[in-house]
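Written below as structure tokens is the structure these notes are about.
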Amino acid sequence: KQEGRNTYRLYRADMHAQDSQRLALETALRNTAETGDGLVVHYQPLFDRDSGQIRGAEALVRWQHPTLGMISPGDFIPLAESSGLILPLGEQLIDVIMGQLRAWHQAGLDPVPVAINLSPRQFWQSGLAEWVGQRLAHHDLPARLVGFELTESCLLDQSQAAAAILRGLQSLGCFTAIDDFGTGYSSLSYLQDLPFNELKVDRTFIRRLNDGTRSSRAILGAVTGLASELGLTVVAEGVETAEQLERLKPYQIDLIQGFLMGRPSPAATFADTWLAPRRM
Ligand code: C2E
Ligand code: CA
Ligand code: CA
Ligand code: CA
């Protein structure tokens with residue numbers, strides 16, 4: 001009995017510790033969401049598979065915490081989503097990325113289109129396209145330099161409403177991409193109904209090619225063939241080895257992204273490595 005009570009109290013104490021840790025993290029995240037301080041964006045290049053030319057970049061957020069150091073998105077995006085902070089945080093992030101594109105332009109560089117990840121709450125926030133249009137005007141950027149990636153979980157059961165939002169973004173001139181394709185509730189029929197410019201095949205499919213099974217080849221062939229037929233730009237993500245790149249050869253893939261070609265890196269490193277001076 002005594003022991004049970006002690007255990008109970010230990011458990012309670014532990015709960016408090018976890019709660020207050022979470023609260024402290026949330027408070028720090030709220031500060032970042034309000035000020036933008038601590039938001040760090042890394043950029044990973046995407047290349048044309050055939051020519052090897054750079055075609056774009058994906059913006060990947062990190063959080064520089066005042067005492068804990070650099071935190072990866074997998075470790076704070078869920079908190080940002082559950083606390084609702086993803087909305088102000090996402091707005092800060094879009095401004096940071098657009099500001100970066102403008103800064104590259106002003107430095108005489110030729111920026112590449114940058115894809116921004118949107119979480120479901122951001123995607124469904126009303127007036128998204130209007131807000132994006134306003135920020136593009138504020139930063140004096142051509143819309144073709146900005147695109148948005150969303151996962152299938154954003155679209156579930158709401159494809160008509162989702163299509164309207166996607167069309168709103170596209171009519172600004174932004175591109176739209178379906179991310180991690182094949183991991184969720186993917187149904188190939190989505191592809192026909194939703195206005196996407198780009199399809200990113202999830203890296204699990206690329207990895208599975210290593211085992212060389214007939215079914216993994218068949219699935220990849222079906223997805224890339226249909227997407228390509230529908231006029232989508234097909235991206236293979238998570239290409240890590242030269243062997244994987246070789247195995248992708250038979251498939252209709254336009255762009256490649258992965259550690260083999262380039263890791264996500266801070267804006268300055270990315271620009272030094274990949275951005276060319278603008279021809280006047
Ligand atoms: P994602 O959108 O699928 O992003 C690609 C992830 O794969 C990135 O991880 C990237 O660093 C990693 N990656 C790239 N190439 C390779 C490769 O060759 N091999 C392997 N193993 N991994 C590779 P990261 O940066 O840790 O981001 C993780 C996830 O966090 C992203 O997955 C995305 O869902 C989310 N995320 C990142 N930035 C944002 C953001 O600004 N907003 C939102 N809402 N989510 C974000
Ligand atoms: Ca992504
Ligand atoms: Ca992805
Ligand atoms: Ca091609």
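For the single chain, residues carry numbers from 1 onward in sequence order. Predicted model, so just to flag it, every value in this text is computed and none were measured. For the numbers below, each heavy atom of this structure counts, side chains included, while hydrogens, waters and symmetry mates do not. Counting starts at 1 for both ligands and their atoms, following the listed order.
On a distance-only criterion, L260 and ligand 1 share no N/O pair closer than 3.5 Å. Of the polar atoms of G258, none of the N or O atoms is found under 3.5 Å from an N or O of ligand 1, judged by distance alone. The shortest N or O to N or O distance between E149 and ligand 1 is not below 3.5 Å. Every N/O-N/O distance between Q257 and ligand 1 stays at or above 3.5 Å. Of the polar atoms of Q44, at least one N or O is found under 3.5 Å from an N or O of ligand 1, judged by distance alone.
Every heavy atom of R263 sits 4.0 Å or more from the atoms of ligand 1. At least one heavy atom of E58 sits closer than 4.0 Å to an atom of ligand 1.
Numbered from 1 in the order shown, with element, the atoms of ligand 1 that lie under 4.0 Å from a heavy atom of D180 read 3 (O). Interface of V61 with ligand 1, defined as ligand atoms under 4.0 Å from a residue heavy atom, comprises 38 (N), 39 (C), 40 (C), 41 (O). Heavy-atom proximity to L93, at under 4.0 Å, picks out these atoms of ligand 1: 40 (C), 41 (O). Listed by number with element, the atoms of ligand 1 under 4.0 angstrom from any heavy atom of P264 are 11 (O). Every atom of ligand 1 with a heavy atom of V239 under 4.0 Å away is listed here by number and element: 18 (O).
Residue contacts with ligand 1, taken as heavy atom pairs separated by less than 4.0 Å, do not involve H42 at all. At a heavy-atom cutoff of 4.0 Å, ligand 1 is contacted by no atom of S72, backbone or side chain. Of the heavy atoms in T151, none comes closer than 4.0 Å to ligand 1. The side chain of R62, and not its backbone, has at least one atom closer than 4.0 Å to an atom of ligand 1 (non-hydrogen atoms only; side chain from C-beta on). At a 4.0 Å heavy-atom cut-off, ligand 1 does not touch V41 at all.
With the Ca ion (ligand 3) as the vertex, atom OE2 of E237 and atom OD1 of D180 span an angle of 90° (nearest 10 degrees). At the Ca ion (ligand 2), the vertex angle linking OD2 of D179 with OD1 of N117 is 90° (nearest 10 degrees).
With respect to the salt-bridge test (charged N to carboxylate O, under 4.0 angstrom), the residues E237 and K200 qualify. Classification of R121 and E81 as a salt-bridged pair fails, no side-chain N sitting under 4.0 Å from a carboxylate O.
Put simply, T151 stays out of reach of the Ca ion (ligand 2), with no N, O or S atom under 3.0 Å from it.
Considering only non-hydrogen protein atoms, atom 28 (C) of ligand 1 sits nearest to P73 CG, 3.8 Å.
For the pairing with E198, the side chain to side chain contact (heavy atoms under 4.5 Å, CB included) check across I178, T176, V235 returns one residue only, V235.
The Ca ion (ligand 2) lies closest to atom OE1 when only the N/O/S atoms of E149 are considered. Take the N/O/S atoms of E58: the one nearest the Ca ion (ligand 2) is OE2.
Between the side chains of E58 and N117, at least one donor N or O lies within less than 3.5 Å of an accepting N or O. For the residue pair D254 and T233, no side-chain donor N or O sits within less than 3.5 Å of a side-chain acceptor on the partner. A donor-acceptor pair shorter than 3.5 Å cannot be found between the side chains of D95 and H138.
Aromatic ring orientation, W274 versus F47: perpendicular (interplanar angle above 60°, classes split at 30° and 60°).
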